[in-house]
Amino acid sequence: MNENLFSSFITPTMMGFPIVIFIIMLPSMLMTSSKRLIPNRLYSFQQWLVKLITKQMMITHSPKGRTWSLMLASLIMFIGSTNLLGLLPHTFTPTTQLSMNLGMAIPLWAGAVILGFRHKLKSSLAHFLPQGTPLSLIPMLIIIETISLFIQPMALAVRLTANITAGHLLIHLIGGATLILTTISPPAATITLIILTLLTILEFAVALIQAYVFTLLVSLYLHDNT
């Protein structure tokens, strides 16, 4: 337990150079592509999953919003695969870094908002002032709605970072406790090992759910602006 609790969140380096870029590129290398006339099962499953996710997210979008389907499908596959690879031992999870998540959230949010102001200017401005607002509350509501608009990308990034980081910390703490209890109390170590196994299974689900939630919220922001 002498290891720093947050050491797994430090950006890895090799010869003084950060290698996080290569780690981020790794999930895309694992996505198979087939040039065969009859694709294999892995490629068929991958294509079926992408089509299912795209259909679920784009079903309520306008034709302009559906032009983002490839980007959103790529986003959920990237975040999901990155989260899953981060659960492997001695690996680094880029989505535990707030800077990276902000780098994904801010451009996507800004693109959706700019699209709304470009094509639906009156509707976008109407969100800042609901109909029937008393004159005395107009300045306050405009300020509140403006702040809530600019908080959206921060909420996206913080939600993903907090959920992934919390899961990794729990696994680290329970894993360390299990290792110590092995020599002190084997029955207690068995119980904590079962808890650790169940928590790991839960974290696999959380990794996929958080990828879906992040992409779904971006899709909702896009839907409100198209």
Side-chain angles (χ1 to χ4, degrees), residues 6 8-9 11 20 23-24 27 53-54 56-62 64-87 92-121 123-130 133 137-171 202-226:
F6 296 93
S8 59
F9 305 115
T11 304
V20 65
I23 298 173
I24 293 174
I53 294 170
T54 305
Q56 291 292 328
M57 290 190 176
M58 296 289 109
I59 192 170
T60 59
H61 281 269
S62 64
K64 289 181 182 177
R66 289 175 184 174
T67 57
W68 284 47
S69 57
L70 181 61
M71 183 184 299
L72 294 180
S74 302
L75 179 67
I76 191 172
M77 296 294 287
F78 169 74
I79 298 177
S81 57
T82 303
N83 291 345
L84 290 176
L85 288 175
L87 291 173
F92 173 73
T93 312
T95 47
T96 58
Q97 306 296 311
L98 183 60
S99 57
M100 175 182 165
N101 295 335
L102 282 173
M104 292 189 296
I106 291 177
L108 293 170
W109 165 84
V113 172
I114 292 172
L115 195 64
F117 278 106
R118 182 179 178 183
H119 297 287
K120 296 173 60 177
L121 180 60
S123 178
S124 298
L125 292 176
H127 285 91
F128 292 95
L129 189 62
T133 304
L137 295 179
I138 288 178
M140 184 181 298
L141 278 177
I142 291 177
I143 294 174
I144 292 173
E145 291 297 329
T146 303
I147 294 174
S148 66
L149 178 66
F150 284 97
I151 281 178
Q152 287 177 354
M154 180 65 72
L156 270 178
V158 170
R159 182 186 294 105
L160 179 60
T161 304
N163 281 283
I164 300 302
T165 303
H168 284 222
L169 288 176
L170 278 174
I171 291 176
L202 177 64
E203 282 304 308
F204 274 97
V206 168
L208 297 176
I209 290 171
Q210 288 304 314
Y212 179 75
V213 169
F214 188 96
T215 312
L216 180 63
L217 289 175
V218 173
S219 176
L220 291 177
Y221 297 155
L222 178 63
H223 180 266
D224 292 338
N225 289 281
T226 54

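The chain is numbered in sequence order, starting from 1. As the structure is a computational prediction, the values presented were derived from the model and not from experiment.
- Of all heavy-atom pairs between Thr95 and Asn101, the closest is O-ND2, 2.8 Å.
- Here the closest heavy-atom approach between residue Gly86 and residue Thr93 is recorded as CA-OG1, 3.0 Å.
- Considering only heavy atoms from C-beta on, Trp68 comes within 4.5 Å of Leu108 through its side chain.
- In this structure, Leu102 and Thr161 have side chains that are not in contact, with every pair of non-hydrogen atoms separated by 4.5 Å or more.
- Taking every heavy atom of both residues into account, Val218 and Leu156 meet most closely at CG2-CD1, 3.8 Å.
- One finds the CG atom of Leu160 at 11.5 Å from the CD atom of Gln97 (value rounded to the nearest 0.5 Å).
- Shortest non-hydrogen contact noted between Ala105 and Pro153 is CB-O, 3.5 Å.
- Sorted by first then second residue, the side chain to side chain donor-acceptor pair (under 3.5 Å) pairs that include residues 146-159, not counting sequence neighbours, are Trp109-Gln152.
- In this structure, Ile106 CD1 and Met154 CE are separated by 6.5 Å, a value rounded to the nearest 0.5 Å.
- The neighbour count for Phe117 CZ, taken as heavy atoms of other residues, nucleotides or ligands under 6.0 Å away, is above 12.
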For residues 202-216, dump all side-chain donor-acceptor pairs below 3.5 Å to protein atoms at least two apart in sequence or in another chain.
residue	atom	partner	partner atom	Å
Thr215	OG1	Ala211	O	2.8

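- In this structure the side chain of Glu145 never reaches within 4.5 angstrom of the side chain of Leu149, judged on heavy atoms.
- The structure places CG of Leu72 at 13.5 Å from CE of Met77, a figure rounded to the nearest 0.5 Å.
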